[in-house]
Undergrad: 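Here it is, the structure, as structure tokens.
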Amino acid sequence: MKGTLPALFITLFWDAAPQTPDAATILKRTREAYTMLKSYEFTTLIGNETKAKDFQQIVRERAHVAVQNPAKVRIERSGMSTRWPTTRQQSS
């Protein structure tokens, strides 16, 4: 009887536990929540990668985004950094 009680408890409450929502549901709820806000802002990192046969360039920059609903958006970009990780040197 000692081991049956925890097993019974887990069995009874396992089915009663709420299901984890999928990604589409989470995104929908997030979009709805942000739509209802008067304003919000966040900082993000934007990246752009360019590739060719012997060349790769990665450009990253920070952006601060401010939104005031229903239709005002402001984006400030700053802190651009560029690197060329696989560029080959030309030999003469």
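Any value given below was found using the heavy atoms of this structure, including those in side chains, with hydrogens, waters and symmetry copies removed.
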Undergrad: Is it the case that Gln56 and Glu49 place a side-chain donor and acceptor less than 3.5 Å from each other?
TA: yes
Undergrad: Using the side-chain contact (heavy atoms from CB on, under 4.5 Å) rule, pick out the option among Arg74, Gln68, His64 that qualifies with Glu41.
TA: His64
Undergrad: Is a donor on one side and an acceptor on the other found under 3.5 Å between the side chain of Thr25 and the backbone of Pro21?
TA: no
Undergrad: Can you name the nearest heavy-atom pair linking Asn69 to Tyr34, along with the distance?
TA: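 So the two residues come closest at ND2-O, 3.2 Å.
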Undergrad: As an exercise, state the distance from OG1 of Thr44 to CD of Glu61, rounded to the nearest 0.5 Å.
TA: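 It is 10.5 Å, given to the nearest 0.5 Å.
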Undergrad: Looking at OG1 of Thr43 and CD of Glu76, how far apart are the two atoms once the value is rounded to the nearest 0.5 Å?
TA: 9.5 Å
Undergrad: Nearest heavy-atom pair of Ala63 and Ile75: which atoms, and what distance?
TA: CB-CG2, 4.3 Å
Undergrad: Decide whether Val65 and Leu37 are clustered together by the hydrophobic rule: side chain heavy atoms of Ile, Leu, Val, Met, Phe, Trp, Tyr closer than 4.5 Å, transitively.
TA: yes
Undergrad: Treating Ile, Leu, Val, Met, Phe, Trp and Tyr as nodes and any side-chain heavy-atom pair under 4.5 angstrom as an edge, say whether Leu45 and Val59 lie in one connected cluster.
TA: no
